[in-house]
Amino acid sequence: MSSDAAATLLPFAGLAIDVMVQVLVLRAGARFGRSLAVGFAAGAAAMAALLCLPAFAGSGGGSGRAGTALLVYGAYVGFGYGYFSFLNLNQASLRVRIMKELLAEGESMALDDLLLRYNAEHILDARLDRLLEGRQIHRQRGVFLSGPRSEFLNLARLLDVLKLVTTGRKTCG
Amino acid sequence: MKLALFAFGTLLAAFTAHLVLWRVRLPRLHTATLLVVFFGTLAAALTLAANSPALAGYGPSGAWQYLLVATFHGSLSLAYIAFYSAIEEDSPSCQIVLSIDGAGAAGRSRAQLAVLLDNDRLVLSKIRSMLRDGMVAEEGGALKLTAFGRSIARAYLLVERVFGLARGG
């Protein structure tokens with residue numbers, strides 16, 4: 001196999017390692033977010049080790065090697081995010097939950113019954129529980145406050161900026 | 001490094017085209033348009049690289065390098081398109097944290113947060129989009145899974161079992 005071929009296949013190998021490690025770590029009892037991070041890191045580390053080998057360096061000498069590594073890692077980041085999105089939809093997507101609910105109820109359900117199970121109150125409670133569990137918010141004196149962790153807030157701010165850049169409007173918050 | 005420059009340049013060109021188009025006129029079908037813009041740019045760039053002497057030395061040479069550039073561009077484009085849905089929709093969790101942050105030391109009560117999230121925006125808008133996208137159909141006041149929706153539901157149930165994922169909300 002040529003080094004260009006090996007370099008092209010490397011992101012797929014990295015993804016395979018990412019998925020395997022993530023599943024193992026999740027099944028060992030780790031939290032979902034931690035299993036994703038560990039899986040992603042494992043795939044990245046495996047690729048770094050392989051990229052040191054001449055067989056995976058791609059053609060084009062020293063700067064070509066660096067360029068190949070950029071492309072390989074860029075593709076891997078894309079795969080990693082796609083994998084995270086796919087799994088996260090299973091947990092966070094209301095559309096997916098509704099479809100699974102319909103499947104469980106013989107593929108059909110009265111709209112009123114559906115709205116009894118999936119309504120803004122239930123969603124608010126579920127989201128607050130998840131944010132509290134992830135320590136992105138905390139409760140004090142009967143109100144919710146930011147922190148101690150701020151990753152989700154930073155993501156929300158980034159999304160707000162991107163929304164403004166692409167669509168010209170901000171999140172209603 | 002020249003190949004990496006070519007690949008990054010192609011991705012940047014696609015993203016720029018997307019921004020310009022969105023500012024001129026927001027398309028009706030966002031996902032389909034993004035796919036056309038990003039993969040159309042890739043196709044154009046690769047065709048240009050194959051036929052233009054000016055890009056000789058920058059573009060890919062050999063089938064595997066074409067595939068590497070396509071893999072790079074494809075994976076990041078699809079990641080952005082998936083991410084775009086988070087940009088486009090007002091995520092309930094994002095609305096919650098931004099509202100709480102905006103309140104500062106006073107914080108937000110549950111009642112105040114409940115005002116932000118109403119049934120029409122949270123639930124009915126999703127049902128309308130599922131009807132539009134052919135995942136469900138409405139029959140006499142009931143929602144019924146279509147064949148397409150059934151496949152999606154089964155795929156996600158399988159993922160839930162294989163990965164041992166807890167149900168979210």
Could you tell me the separation between the [atom1] atom of [X] and the [atom2] atom of [Y], rounded to the nearest 0.5 Å?
{"X": "A:Leu71", "Y": "B:Phe6", "atom1": "CG", "atom2": "CZ", "answer": "10.5 Å"}
{"X": "B:Ser125", "Y": "A:Leu94", "atom1": "OG", "atom2": "CG", "answer": "8.5 Å"}
{"X": "B:Lys126", "Y": "A:Ile123", "atom1": "NZ", "atom2": "CD1", "answer": "8.0 Å"}
{"X": "B:Thr71", "Y": "A:Phe79", "atom1": "OG1", "atom2": "CZ", "answer": "6.0 Å"}
{"X": "B:Tyr156", "Y": "A:Phe86", "atom1": "OH", "atom2": "CZ", "answer": "5.0 Å"}
{"X": "A:Met109", "Y": "B:Leu145", "atom1": "CE", "atom2": "CG", "answer": "11.0 Å"}

- A:Asn88, A:Asp112, A:Asp113, A:Leu145: which one forms the most heavy-atom pairs within less than 4.5 Å of chain B?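 Looking at each option in turn, the highest pair count goes to A:Leu145.
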- Which of A:Gln136, A:Gln140, A:His122, A:Glu121 touches chain B most, by non-hydrogen pairs under 4.5 Å: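 Option with the top pair count is A:Glu121.
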- Message: Does B:Arg110, at its CZ atom, have more than 12 non-hydrogen atoms belonging to other residues, nucleotides or ligands within less than 6.0 Å?
- Response: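 Yes, because the 6.0 Å sphere around CZ of B:Arg110 holds more than 12 heavy atoms from other groups.
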- Who among B:Ala82, B:Pro92, B:Ala63 has the most heavy-atom pairs with chain A under 4.5 Å?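 Highest number of heavy-atom pairs under 4.5 Å: B:Pro92.
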- In terms of heavy-atom pairs under 4.5 Å with chain A, which of B:Ala7, B:Ser129, B:Gly62 leads?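 Of the candidates given, the most pairs with chain A belong to B:Ser129.
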- Item | Contact class of A:Val165 relative to chain B, heavy atoms under 4.5 angstrom |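 Its backbone and side chain both get close to chain B.
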- Message: Taking side chain as everything from C-beta outward and backbone as N, CA, C, O, which of these in B:Leu117 sits under 4.5 Å from a heavy atom of chain A? Side chain, backbone, both or neither.
- Response: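 Both the backbone and the side chain of B:Leu117 come within 4.5 Å of chain A.
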- Item | Contact class of B:Val123 relative to chain A, heavy atoms under 4.5 angstrom |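 Both backbone and side chain of B:Val123 come within 4.5 Å of chain A.
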- Taking the side chain as every heavy atom from C-beta outward, state whether A:Leu114 and B:Ile127 have any pair of such atoms under 4.5 Å apart.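 A:Leu114 reaches B:Ile127 side chain to side chain.
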